[in-house]
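Values below: every heavy atom of this structure, side chains too, minus hydrogens, waters and symmetry copies. For ligands, and for the atoms within them, numbers begin at 1 and follow the listed sequence.
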Amino acid sequence: MKENNRISFGSKFGVYVATVGSAVGLGNIWRFPYLTGNNGGAAFILIYLICVLLIGIPIFMSELIIGRRGQGNSFRVFKNLAPEKPWYFIGILGFFSVFIILSFYGTIAGWTIEYIYLSVKSLFVQTQNSDYTAVFNDFHTSTFAPVVCQILFMIMTAIIILFGVQKGIENCSKILLPILFVILVILCVRSLMLPNSIEGLKFLFYPDFSKITTSVFLNALGQAFFSLSIGMGTIITYGSYVKKDNNLPKTSFLVSLTDMFIAILAGVAIFPALFSFGMSPSEGPGLVFIVLPEVFGQMVGGSFFSLLFFILLLVAALTSSISLLEVVVLFLIEECKMKRWAATVVSAIGATILGVFTTLSFGPLKDVNIFGKSIFDSADFLATNIFLPLSGFFIVIFLGWFYPKKNIKNEITNDGTIRFKLFPIYLFIIKFVAPIAIIFVFLRGLGIL
Ligand code: PHE
């Protein structure tokens, strides 16, 4: 396939950092811990890891292959690779997921902004209220502040996209991701030093299989997709910016392992502290916003660390949300011939409007139910547990059954210049294992199996 004049990431390390930037985000530090808490701990983690290894990594690699070979937005790549065939519907399905995920991503990232503000405040003012649950509840169920924060977050996302992804993102991520890592390690150490922390470790690493219910499978699979940013065209879009000499299997493994590792670290930072304070692991979406302030509250220099942590969480969220928005922006640029700024403004406004509903679903709109779930929960469930695995299913079916094997092999091996010994295993997985596993998890999740 021709090397055209599309923009691309600057270096191999840049590709790694940008894709890790997309993968590592609220999914690792906010969503993974609370799902682990709600789904029984270690047994959930085990199933999650199996989902990542068996389904996540192969699909991640498939998206990179499709993106780099197809050289276009996540809709155009399918038109390029399979002209006259309707596979581009995968791209369209992805757009729905992008908007839904951006909407609730903005909600949570908005909370992060409020916590940055609270941390700054407590640096200067001796705070009275140390009931962190009450602080959180007052804030996130109110009307004005969470919406303002969510809008602020979307503006930040849009600004970065306006200035173009490569320089800003690559360079920002190179500096900020290592700092995020260091802060997480410090928090882990602190958390492990608290009394009774061993209980938290047991919860994380000692599986109790009686905790496995049907929904655990669906949640673990959804989380694997969400955390790796797959199933909505993000990695396809980034793949189209990857140069021809990049080793795609290596990138896929490294990024996925980094992503898993950061999620586990977040678990180690949170659960020992949580058990030490005698709090419930099934706190839900508020987990990080209640437990960590509690830990910081007990630390020397806690406000400072709290500030640092929430800034980094915001940055992690930003490097993910831009990868979401870029999917739609690139589509509008290439297909509707829009200018980057117009595409950015249109898509950011769309996502913000949707986001207001998800944000308010904790407060004024909390009684609005869709199939028995709040707007926030239904958005999360629909996109993460249904749309993402569904797109993933069609991606592997497309590559495994319809796209010429020779082309896949050429793309993976960079036209025979590198070796990929696991190719037969990869093919077997995308042809059989991944699609069957996804169907199994779906049927189980729906209570049919
Ligand atoms: N992977 C990101 C996270 O874990 C979320 C995300 C999902 C980003 C989908 C891009 C696309 O926070």
Can an N or O of M232 be found at a distance shorter than 3.5 Å from an N or O of ligand 1? no
Starting from atom 4 (O) of ligand 1, what is the nearest protein heavy atom, named by residue and atom, and what distance separates them? A23 O, 2.9 Å
Among all protein heavy atoms, pick the one closest to atom 12 (O) of ligand 1 and tell me residue, atom and distance. Y105 OH, 2.5 Å
Mind checking whether F139 and F289 have ring centres under 6.0 Å apart? no
Centres of the F432 and W401 rings: under 6.0 Å? yes
Per atom 11 (C) of ligand 1, closest listed option by heavy atom (L325, I101, L324): L324
Counting only heavy atoms not in F420, do more than 12 sit closer than 6.0 Å to its CZ atom? yes
Measure the distances from the heavy atoms of F225 to every atom of ligand 1 and state whether one is below 4.0 angstrom. no
Side chains of S321 and T157: do they bring a donor and an acceptor to under 3.5 Å? yes
Does any N/O atom on S323 come nearer than 3.5 Å to any N/O atom on ligand 1? no
closest protein heavy atom to atom 1 (N) of ligand 1 is F226 O, 2.8 Å
May I ask you to decide whether K244 forms a salt bridge with E411, counting only side-chain N to carboxylate O separations under 4.0 Å? yes
